[in-house]
Each structure stands twice: as C-alpha cells, then as structure tokens.
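First the proteins, then the strands, lettered A, B, ... as listed; each starts at 1. This one's a predicted model, so the numbers in the text were calculated from it and none came from an experiment.
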Protein chains: 2
Amino acid sequence: MAKKRASITDLARELHISASTVSRALNGHPAISEATVKRVKALAKELGYQPNSLASGLRRGRSNMLGVVVPHIDGHFFSQVVKGIEAAASKAGYQVLICQSNEDVEHERANLETLMNAQVEGIMVSISRTTRETRHFEKVRKRDIPLVFFDRILEGYDVNAVVLDDRAGGYRATRHLLEQGYRRIAHFSGPQHLNIYKHRRQGYEEALREYNLPVREELIIMGDMKMEDGSAGMQQLLALPEPPDAVFSGSDFSAAGALEVLEARGLRVPQDIGLVGFSNELFSRLTAPQLTSIDQHCELMGRSATRLLLQLLDEREPHAAPRHVVLQPDLFVRASSLRTGLAG
Amino acid sequence: MAKKRASITDLARELHISASTVSRALNGHPAISEATVKRVKALAKELGYQPNSLASGLRRGRSNMLGVVVPHIDGHFFSQVVKGIEAAASKAGYQVLICQSNEDVEHERANLETLMNAQVEGIMVSISRTTRETRHFEKVRKRDIPLVFFDRILEGYDVNAVVLDDRAGGYRATRHLLEQGYRRIAHFSGPQHLNIYKHRRQGYEEALREYNLPVREELIIMGDMKMEDGSAGMQQLLALPEPPDAVFSGSDFSAAGALEVLEARGLRVPQDIGLVGFSNELFSRLTAPQLTSIDQHCELMGRSATRLLLQLLDEREPHAAPRHVVLQPDLFVRASSLRTGLAG
DNA sequence: AAGCGAAGTGCAAACGTTTGCATCCTGACA
DNA sequence: TGTCAGGATGCAAACGTTTGCACTTCGCTT
C-alpha cells in the first residue's frame, strides 16, 4: 500500500533493462526496438507511470512552464486574454503560471521573482497601473528569459509586445459619434503613462481635428476608469456652462457609471447624449440602452502574445530587435450612440 | 557574458565553503554561524542568486504548487474564486497552476493528468457541466494527492468540499419574491446532476410549499443557464395561458436574457413581472432595472477551499473522513424585485 | 577471415538541492 | 592532561530524468 509513484527506475528494474532504455522508449527515441518500446509502454500504463516533470525539467534545464503577470483577473478583458494564452500554451505543451499584481508595482516585482523562481521559460506581462519604471524587468532580461508585453506597455520602453491599436480605436469611436451628428464630444481618459489611455485620447483628438473641431480641456476628464469615476466625471461635465452632447469613455466601466448618472438626471441616451465605451465588456449588451463599444479581441491578443513568446523561445537569439504585433480593434455599434438610427 | 544563473555550488566555490553550508545558511538552519550567514546572503544578493525550485522540489519531494481545475475563467464567479485561491495560496508560499476544462469531461481528465505531471501537491476542482462520473478523480486519490472540490460537486460522491448553501439561496430568493406579493413564480434551472442547480430548485420549491403554493411543472424551465436560454425560457413562459408574475433564475445570465425579452415585449419589471438572479454578477448593478441577485462570496470560497486543502496537506492523514465547508449566501435586493418599494 | 557499420542497449555523469552523519575545533571541566 | 560537549562545517548520497559515449551483437562486405 505504499503509495510511492512509479519511476523510470522502477519500470527498468521490473523489465530487467536500464533506465536509459526506458526513458528513450517513452520518449520515442529511434534507437529503441519496436518490441522493447511495446513492453515499456505496456508496463508504464499498467503501473500508471507519470513522468516527474520536476526531474526532467531539472535535467534538461527546461520547465515547460510560462509565466503570466496581469493586473487582475476579474472583468472580461484579462480573463479572456488569459483564456487565449492558456489555449495557445497548452497546445504547445506548456503550463501557465498566472500571477496578479493587483495594480501594484511591488506586487508585480514579487510576481516576477516568483515566476523566475519557478523556472518559467518565458514571461508575459501586462503592467500594473502603478508601474512607471522598468528596473524589475531588466532583471528578467539579464537572465535571458524571453519577455513579451501585452496590451499595457510602458511608453518608450522598447520591448516585444502585442498591443491593440488604441489610437485607431479612439479614432473610430469618436468618428462614429461625429458621423452621428454629435459635435461637443467629451472624453474619459486614464493615467497617461499607460499607452492605452494615452493612445485612445490621441485617437479622439485626431478625429476631432479631422472635423475641424477644437480639443477642449474641460471636456477631457482624467480618472481611474472605474464606475465611480464615470459617475463623478459625468456630473462634472453636466455642471459645465456648455455640457457635452456625447461622451467617448476610455472604458466601459466609467461609461456605465456615466449612464447611471444620466438616467438619474432624466437625460435620454442617445437622444440627449451619445455614449461610447471601450472594451466591449460582457455587460455592454445588458445596459439600457445597450452600450456602443470597442472590441479588443482579447482572446486573440492572448494567443498572439503566446505565439510571439514561443517564437522567441524557439529562436533563442538573445538580443534580436524587439517585435511588435498590433491588433486592430472593432467598433460594435449599439443603441447608446445611434441617434440617426432612431430618426430614420 | 554566459548567462548561467548562479547556483548554490557557485556561491560555495566563491566563498570556499561547501554547498551544504550555503544551503543551510540560506534556509535559516540554526547550526550555521551568524558570520557565515551574512557572507552567504551578501554574495547571494550580489550575484542575484535565485533558488532553483525544480531542484529543491525534486529533492524534497515537494513542488510548492497547487492545481486548480475550473470549467472556465470568464465571468465573475470563477475569476473571483481563483483570485481568492491565489491570494491564500501565495500567502502560504504556494504557486497556483490553473486549468480550464471548458465544461468538458475529457478536458477535465486531461487537466488532472497535466497537474499530476507537474507534481502539484494538491488539487482543487469545480467539475464541468458534462462530468457525470468520477473515475478520473479516483486516480488522483490513489496517488494520495489531496483533493478539494468547490462549488460544483457530484451528487453522492463523498469528498472534501467547499460549497455554497444553494438550497438556502434558492429559498431566500423565492421567499423574497413571495414577500413582495408575487404568487405565480417561475424558475430557471440547469442540469440536475449538478448540486448547485438541484439545490437552488429545492430551495425554490421549499419556499413555495411554505406559502402553500403548488409547484407547477410548466413554470420550471430547464436549460443551460446562458443568456439565450433565459430569453427562450421567458418566451416560453409568456406563451403560457397563465404566465408567471415573477421569475427566480438560477443564474444572472439567464435572468439578463429574460430581461431583454421582457423589455422587447414592453413588460415592466418589477411592476408586471419580478425578477431575481443568482451569482451577483458584476453586470447585475448595470441592467435596467438593476437585478436582485444572490451573492456567493466567491473570493471567500476560493480562500476557504485553499485553506482546507492546506490543512489536508498539513495533516497528511491519507483517508480521514471528508470534510465539508458550507458558506451562506447573501441576498442583494435591487429594483428588479421591489414591487412594494415602489408603492411605498 | 578480418573488418565494418548499424542497431540496440547500458554506464555513468549531470542537473541543483537537501540532509543524515561524520568530522573538526574550541573551550571547559575533572 | 585527558575527556567531553557543543558549535560549525563538510561529505556524500539521494531525488528522477536525460544523454554522450561505449559496448555488444549480428549480418555483410571485401
């Protein structure tokens, strides 16, 4: 009844052959005879042999594990990305170790240590909101552990990355509002050291300029993109002498917050005020009215990041030029921004 | 420039002491002198030494990893549970390996193999919707790998588990509707081999009986609890000669689907029809009207499961009687079920 | 008949830690 | 001075795999 798990040596002893032969038989080494392979595999099955991946990892200097650091895992976006990562990784025979930084640099630093400790072969990161410097990533690089960033990256830090074309997203969202006839369009944005919020804002401004409209300071509200921030921002906007006739929010959450305020004030969406969010969260179909939003192809992003990482692992060229993959966003038009649709 | 990571042996060589001493110094073994400890730690820091957890895992027969198998990771519930697991595990010095079964038994079986391969010390599982038998779990048990189920368990399979008191949840949801004056209450339920849906239904029936109301077959709709199922179910209900005046849905998603249909038909919630969901998904605050729902304390569930697992690991009594932890749900009352609130 | 190549297998070292036991040293006590 | 205790360290084996190299056998070729 001793529950010791069968090892390669056990198989070898039982079959009166050497451990090397067993190992090779199991791994499909060509030099082993048909017959032996059969015997080994049969016994392995019988004893329920499972390779010890710690041992093989140790010996081969590989762990078959990839690490992921995300700010958090709740909400649609990151959980979908992780899903994509998982799918791509497991197809390639890798395990995935997932860590959450909780939007905190210190946590992020600790996560990286943890992952390196666990001997992961590569790491994918989406930086936390409080990350402003890159020392902890340099440590990873020094160890020659391939590193791929996704979605959120640090401005001016040249790295391998898979990102969304946030500028295009911001542009298309805003342009859609303009085409619907809205002219005084406000924008909710987040911390500007994060590429995503900065680029969404730039896209917004670009669209305005294209329509020869001024970019007004008072219509751009900086916040943390949570629901509360959206509510507060909306109230601030409504208090203006000339309130906006539409809002492009850099996040669905703050858009939802804005929606609550509008409803409470008895303002109609999209008639009185148009609204567009960002991320195409699950709930954007459930609000009343349904929320127009930008889809980020989260799962694809996860798969792309993993594919890029696997490529790097494959090539093993320590310091090749960093590669960028840019995904194009999609605009999902729903009721919250459809003014003409109602008229027509 | 060889990027070989410093090992214990490297430290030992450099300091002209033995590897054992270095190991002991780093692990706080009492027999090592103050002075040596200092020297070792200093050099370790200088060289950026990171212990190789594969090696130490191999030697000590421990991996410091826990495995988790969930049906999926999107949506509020499981991602929050995972968050709780992660938090509790990392506080205890464990890594977490997360696998998704995609609601498929075969995947689930493969996930378990994978985790055992990775030498996890214990496994937490919430079974997939298509899991109806337990052979693959027996294999884990045979290896004496502690196993804890959470939320979803197989009826009649006696195991360590952390579950919600779903019966109480169903009861309280239904009772709340009754107290609001609704009398013809329908119910959306899911696959009955899953404890959660079965118990929610039982709680629903219990509340009806308490009010001396009949349990009507035609008012109980079985489905897959997705949004579409909710829409379809609602249409089916509205087509009845005597449609219900309220619905208790076993999931927020199908509740949302029902809401869409109701809105399209011009039926007012909660005046014409009351609605209660289950899970307290993030979006339940965002629907119009906001959705009354049952909160499952997801994060707590994750923490509890982990704590239980760690206990089992600690005790190492192979076949102690399985333990159950039952969490109490909370009812979050919102507009979708507040008929009297409007009158008052 | 010697030599050769190929196929199949085994030996032993290595990966980086941990740990039981042995060893050495120093100082104290009888 | 001899003995002993205790503190500090080292030795070597072990965890389960993988892998370069050597070895045996056997059937062929020259």
Side-chain angles (χ1 to χ4, degrees), chain A residues 2-41 43-44 47-65 93 95 116-121 143, chain B residues 2-41 43-44 47-65 93 95 116-121 143:
Chain A
K3 290 297 175 40
K4 285 302 295 172
R5 330 177 35 146
S7 77
I8 273 193
T9 348
D10 297 331
L11 299 194
R13 195 177 322 113
E14 189 115 348
L15 292 171
H16 303 291
I17 58 179
S18 79
S20 351
T21 304
V22 175
S23 169
R24 284 192 265 250
L26 292 171
N27 294 324
H29 192 288
I32 305 296
S33 73
E34 266 315 286
T36 313
V37 170
K38 252 186 201 140
R39 288 172 57 218
V40 170
K41 290 202 170 166
L43 185 63
L47 300 190
Y49 168 76
Q50 301 261 57
N52 182 327
S53 62
L54 294 182
S56 103
L58 175 59
R59 169 62 228 238
R60 319 208 333 242
R62 303 191 30 185
S63 63
N64 273 308
M65 295 196 296
Q95 309 283 342
M116 294 172 64
N117 245 271
Q119 312 293 118
V120 297
E121 296 180 36
R143 288 244 195 305
Chain B
K3 290 297 175 41
K4 286 301 296 173
R5 331 178 32 149
S7 77
I8 273 193
T9 352
D10 296 332
L11 299 196
R13 194 176 325 112
E14 189 115 345
L15 292 172
H16 303 290
I17 58 180
S18 78
S20 351
T21 304
V22 175
S23 169
R24 285 192 263 249
L26 292 172
N27 293 324
H29 192 289
I32 304 297
S33 73
E34 201 65 27
T36 314
V37 170
K38 251 188 202 139
R39 287 171 58 217
V40 170
K41 291 203 170 165
L43 184 62
L47 300 190
Y49 167 77
Q50 301 261 59
N52 182 327
S53 62
L54 295 182
S56 100
L58 175 58
R59 169 62 226 238
R60 319 210 330 242
R62 302 191 32 184
S63 62
N64 274 308
M65 294 196 296
Q95 309 284 340
M116 293 171 65
N117 245 269
Q119 313 293 118
V120 297
E121 296 180 36
R143 287 243 195 306

Colleague: If I take atom CD1 in residue B/Ile8 and atom P in nucleotide C/dT19, what distance separates them, rounded to the nearest angstrom?
Modeller: 11 Å
Colleague: What's B/Leu54 touching, base or sugar-phosphate or nothing? Going by heavy atoms closer than 4.0 Å.
Modeller: nothing
Colleague: Just call it for A/Ser53: base, sugar-phosphate, or nothing, with non-hydrogen atoms closer than 4.0 Å on any strand.
Modeller: nothing
Colleague: Take atom CZ of B/Arg62 and atom C1' of C/dT19, then tell me their distance rounded to the nearest Å.
Modeller: 15 Å
Colleague: Counting side-chain heavy atoms from C-beta on, which of D/dA8, C/dG16, D/dG10 comes nearest to B/Asn52?
Modeller: C/dG16
Colleague: Looking only at the side chain of A/Ser20 (C-beta and beyond, no hydrogens), which of the listed nucleotides D/dT17, C/dG10, C/dT17 gets closest?
Modeller: C/dG10
Colleague: A/His29 NE2 to D/dT17 C1': how many Å, rounded?
Modeller: 14 Å
Colleague: Please figure out whether A/Thr9 or B/Glu34 has its closest DNA chain D nucleotide nearer the 5' end.
Modeller: B/Glu34
Colleague: Check every strand shown and say whether A/Ser23 touches a base, only sugar-phosphate, or nothing at a heavy-atom separation below 4.0 Å.
Modeller: base
Colleague: When you measure from the side chain of A/Ala55, which nucleotide among D/dT17, D/dA14, C/dG10 comes out closest?
Modeller: D/dT17
Colleague: Donor-acceptor pair under 3.5 Å: do we get one between A/Ser7's side chain and the base of D/dC15?
Modeller: no
Colleague: When you measure only distances, ignoring hydrogens and angles, does the side chain of A/Arg24 come within 3.5 Å of the base of C/dG10 through a donor and an acceptor?
Modeller: yes
Colleague: Report yes if a side-chain nitrogen or oxygen of A/Ser33 is closer than 4.0 Å to either non-bridging phosphate oxygen (OP1 or OP2) of C/dT9; otherwise report no.
Modeller: yes
Colleague: So, the side chain of A/Glu121 versus the backbone of A/Ser63: is there a donor-acceptor pair under 3.5 Å, distance only?
Modeller: yes
Colleague: Distance check needed: C/dG16 P versus A/Asn117 CG, whole Å only.
Modeller: 14 Å
Colleague: For B/Leu58, which contact category applies under a 4.0 Å heavy-atom criterion: base, sugar-phosphate, or nothing?
Modeller: base
Colleague: Which distance, rounded to the nearest 0.5 Å, do you find between the CZ of A/Arg13 and the OG1 of A/Thr9?
Modeller: 6.5 Å
Colleague: Could you state the CG-P distance from A/Leu26 to D/dT19, rounded to the nearest angstrom?
Modeller: 13 Å
Colleague: Sub-3.5 Å donor-acceptor pair from the side chain of A/Arg39 to the main-chain atoms of A/Leu15, do we have one?
Modeller: yes
Colleague: By the 4.0 Å heavy-atom rule, please label B/Ser56 as base, sugar-phosphate, or nothing.
Modeller: sugar-phosphate
Colleague: In this structure, how many angstroms lie between the C1' atom of D/dT18 and the CG atom of A/Leu11, rounded?
Modeller: 15 Å
Colleague: Side chains of B/Met65 and A/Met65, heavy atoms from C-beta outward: is any pair under 4.5 Å?
Modeller: yes
Colleague: The side chain of B/Arg59 is closest to which nucleotide in this list: D/dT17, D/dG10, C/dT19?
Modeller: C/dT19
Colleague: Would you check, one step at a time, whether the test side-chain contact (heavy atoms from CB on, under 4.5 Å) holds for B/Val40 with B/Ile17?
Modeller: CA-CA 10 Å; B/Val40 170; B/Ile17 58 180; 4.0 Å; yes
Colleague: May I ask you to evaluate whether A/Ser18 reaches the phosphate of C/dG10, defined as a side-chain N or O under 4.0 Å from OP1 or OP2?
Modeller: yes
Colleague: Figure out the CD1/C1' separation between B/Ile17 and C/dT23, and round it to whole Å.
Modeller: 17 Å
Colleague: Roughly how far apart are A/Thr36 OG1 and A/Arg24 CZ, rounded to 0.5 Å?
Modeller: 11.5 Å
Colleague: From CG of B/Asn27 over to C1' of C/dT19, roughly how many Å is that when rounded to an integer?
Modeller: 11 Å
